[in-house]
Number of protein chains: 2
Amino acid sequence: MESIPFDVMDPDCPSRVVLQRIGDKWTPLIVHALKDGTLRFSELRVAVGGITPKVLTQTLRTLERDGLVERTVFAEVPVRVEYRLTALGESLLGPLDAVRAWAESHAGNILQARDAFDATV
Amino acid sequence: MESIPFDVMDPDCPSRVVLQRIGDKWTPLIVHALKDGTLRFSELRVAVGGITPKVLTQTLRTLERDGLVERTVFAEVPVRVEYRLTALGESLLGPLDAVRAWAESHAGNILQARDAFDATV
DNA sequence: CGGTATCCGTACGGATACTG
DNA sequence: CAGTATCCGTACGGATACCG
């Protein structure tokens with residue numbers, strides 16, 4: 001095995017696919033919503049404002065497939081489904097939260113920069 | 001001003017727009033390419049493998065508008081254009097690099113998880 | 001060299017309604 | 001409750017060719 005197996009700057013490297021997955025529209029929000037533990041489908045829907053059930057399902061399936069989220073179905077009536085981060089998913093929490101925190105704390109600067117830029121053009 | 005002005009979990013919060021911008025397909029790669037200093041358009045093209053000139057221009061314009069990248073044109077023949085991160089852009093370097101590093105170091109796990117998942121389905 | 005212009009395909013996300 | 005099914009629009013990215 002090599003010392004640097006993956007390189008996002010290489011267009012053919014799988015890590016680039018991974019980078020885009022975790023950088024998609026909803027993944028960061030869902031992962032962040034699950035940081036404190038288990039949530040049910042409907043709770044996730046509320047926690048992640050604005051997401052439609054279809055897209056939530058889609059994203060959760062992808063996250064499950066990628067080994068970031070674990071899905072547990074309880075055979076009750078009505079049925080209960082719980083989602084939680086796997087160890088791999090939890091390891092993503094830190095990096096993702098850093099970006100999220102940056103976005104929240106610098107959103108003002110960016111909005112400001114946009115206004116300034118648009119004013120000159 | 002409020003203590004928590006921005007919240008990505010709020011669908012109407014501008015920080016969510018910001019989060020999606022910096023999480024788009026090329027932004028992390030471009031920012032990472034510029035981490036060591038100034039690059040010209042054609043150097044960026046090479047550094048970020050697989051990007052077309054049109055999309056590179058588009059992304060750079062957005063980054064410039066958002067105050068993350070500075071564009072300098074030198075009136076020479078042939079013309080020289082240099083791109084570099086602003087202070088704001090450099091502040092994004094850390095968070096983004098954390099995600100990039102995660103993607104590179106965990107790409108293997110994810111690929112593996114996918115195979116396992118696909119095998120059961 | 002550093003882009004633009006043009007055209008194109010699709011894949012993603014959204015809205016709504018329905019179901020086991 | 002936890003999804004699916006269906007339909008839809010567009011916006012994004014890509015390929016190619018051309019320009020100041």
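Convention: sequence-line order gives letters A, B, ...; per-chain numbering from 1. Because the structure is a prediction, the values reported are computed rather than measured.
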I need the [atom1]-[atom2] distance between [X] and [N], as an integer number of Å.
| X | N | atom1 | atom2 | answer |
| --- | --- | --- | --- | --- |
| Glu64(B) | dG2(C) | CD | P | 15 Å |
| Leu60(A) | dG3(D) | CG | P | 8 Å |
| Arg45(B) | dT16(D) | CZ | P | 12 Å |
| Leu44(B) | dC1(C) | CG | P | 14 Å |
| Ile30(A) | dA2(D) | CD1 | C1' | 15 Å |

Protein heavy-atom contacts under 4.0 Å, written 5' to 3' over nucleotides 11-20 of chain C as B (base), S (sugar-phosphate only) or - (none), form the string --BBB-----
Which nucleotide sits closest to the side chain of Thr57(A): dG3(C), dG3(D), dC1(C)? dG3(D)
Contact class for Tyr83(B) (heavy atom, under 4.0 Å): base, sugar-phosphate, or nothing? sugar-phosphate
Tell me what Arg71(A) touches on the nucleic acid: a base, only sugar-phosphate, or nothing, going by heavy atoms under 4.0 Å. sugar-phosphate
Are any non-hydrogen side-chain atoms of [X] and [Y] less than 4.5 angstrom apart?
| X | Y | result |
| --- | --- | --- |
| Thr27(B) | Arg21(B) | no |
| Glu104(B) | Val8(A) | yes |
| Ile30(A) | Leu56(A) | yes |
| Leu44(A) | Tyr83(A) | yes |

Has [X] got a side-chain N or O lying under 4.0 Å from the OP1 or OP2 atom of [N]?
| X | N | answer |
| --- | --- | --- |
| Arg80(B) | dG3(C) | no |
| Ser42(A) | dA2(D) | yes |
| Arg40(B) | dC1(C) | no |

Salt-bridge present (Asp10(A), Arg16(A); N to O < 4.0 Å): no
Quick check: does any side chain N or O of His106(B) sit under 3.5 Å from a backbone N or O of Trp102(B), one acting as donor and the other as acceptor? yes
